[in-house]
Amino acid sequence: QVQLVESGGGLVQAGGSLRLSCAAIGRTIRNLSMGWFRQAPGKEREFVAAIKRNGGATFYGDFAEGRFTISRDFAKNTAYLQMNNLRPEDTAVYSCAAGSGLITSNMRNGAAYDYWGQGTQVTVSS
């Protein structure tokens with residue numbers, strides 16, 4: 001069993017930055033692909049970014065490309081999401097996810113992930 005604990009959310013002004021962390025407990029992230037998803041009120045869950053278990057290839061949603069960066073630190077068993085130039089429309093609950101059987105074609109599919117964190121609120125004011 002893997003527990004994912006997110007932190008780093010909060011309130012920021014438009015144009016600001018936040019870094020979200022996702023600490024994995026119970027299994028090394030060397031064996032896991034890690035992803036971030038978000039969900040705003042009244043909207044469906046949306047893929048943000050992911051990093052593949054083997055090789056570290058990264059994937060981004062269109063809105064995240066060029067502004068967000070996913071990374072990982074094996075020593076800390078933690079994945080990160082650096083978010084720059086935040087916009088009010090980025091306001092959402094951001095959740096970390098992990099999976100061991102992900103392949104390139106399903107990295108953007110939340111249903112393919114095995115484990116989920118509780119989510120952290122990100123609010124961007126205009």
TODO: Kindly work out whether a path of hydrophobic side-chain contacts (I/L/V/M/F/W/Y, heavy atoms less than 4.5 Å apart) joins L32 to M107.
DONE: no
Open item on the list: For residues 43-87, which residue pairs pass the disulfide (SG to SG under 2.5 Å) check, not counting sequence neighbours?
Closed with: none
- [ ] Name all residues meeting the salt bridge (charged side-chain N to carboxylate O under 4.0 Å, His left out) criterion together with E6; count only those two or more places apart in sequence or in a different chain, and write none if there are none.
- [x] none
Open item on the list: Going by the rule side-chain hydrogen bond (donor to acceptor under 3.5 Å, both in side chains), which residues pair with S17 if we only count those two or more places apart in sequence or in a different chain?
Closed with: N84
Please list every donor-acceptor pair under 3.5 Å in which a side-chain atom of residues 44-61 meets a protein atom from a residue at least two apart or in another chain.
from	atom 1	to	atom 2	distance (Å)
E46	OE1	R38	NE	2.9
E46	OE1	R38	NH2	3.2
K52	NZ	T104	OG1	2.8
R53	NH1	S100	O	3.1
Y60	OH	I70	N	2.9

TODO: Using salt bridge (charged side-chain N to carboxylate O under 4.0 Å, His left out) as the criterion, list what pairs up with R67, not counting sequence neighbours.
DONE: D90
TODO: Could you state whether V12 and V93 fall into the same hydrophobic cluster, counting links through intermediate Ile, Leu, Val, Met, Phe, Trp or Tyr residues with side-chain heavy atoms under 4.5 angstrom apart?
DONE: no
Open item on the list: With disulfide (SG to SG under 2.5 Å) as the rule and sequence neighbours excluded, what pairs involving residues 37-80 come up?
Closed with: none
Task: disulfide (SG to SG under 2.5 Å): pairs with one or both residues in residues 73-120, sequence neighbours excluded - done: C22-C96
- [ ] Check for a donor-acceptor pair, side chain of T123 on one end and backbone N or O of T91 on the other, with a separation under 3.5 Å.
- [x] no
TODO: Please collect all ring pair (Phe, Tyr, Trp, His ring centres under 6.0 Å) contacts where either partner lies in residues 85-126, sequence neighbours excluded, each pair once.
DONE: F37-Y113, F37-W116
Task: Pairs flagged by disulfide (SG to SG under 2.5 Å) wherever residues 44-73 is involved - sequence neighbours left out - done: none
TODO: Output the rest of the hydrophobic cluster of I25: all Ile, Leu, Val, Met, Phe, Trp and Tyr residues reachable through side-chain heavy-atom contacts under 4.5 Å, sorted by chain and number.
DONE: V5
Open item on the list: To the closest 0.5 Å, what do you measure between OG (S126) and CZ (R87)?
Closed with: 14.0 Å
Task: Of all pairs that satisfy salt bridge (charged side-chain N to carboxylate O under 4.0 Å, His left out), the ones with a partner from residues 14-31, not counting sequence neighbours - done: none
TODO: Specify the closest pair of heavy atoms between A92 and A40, including all atoms of both residues, with the distance to one decimal.
DONE: CB-N, 3.8 Å
TODO: Could you tell me the separation between the CG atom of L102 and the CG atom of D114, rounded to the nearest 0.5 Å?
DONE: 7.0 Å
Open item on the list: Looking at every non-hydrogen atom in both residues, tell me the closest pair between L20 and G9 and how far apart they are.
Closed with: CD2-N, 3.6 Å
Task: side-chain contact (heavy atoms from CB on, under 4.5 Å) evaluation trace for L86 with F68 - done: CA-CA 9 Å; L86 284 161; F68 295 2; 3.9 Å; yes
Open item on the list: Test: side chain to side chain donor-acceptor pair (under 3.5 Å). Region: residues 71-80. Which pairs qualify, not counting sequence neighbours?
Closed with: none
Task: CG-CE distance between N85 and M83, expressed to the nearest 0.5 angstrom - done: 12.0 Å
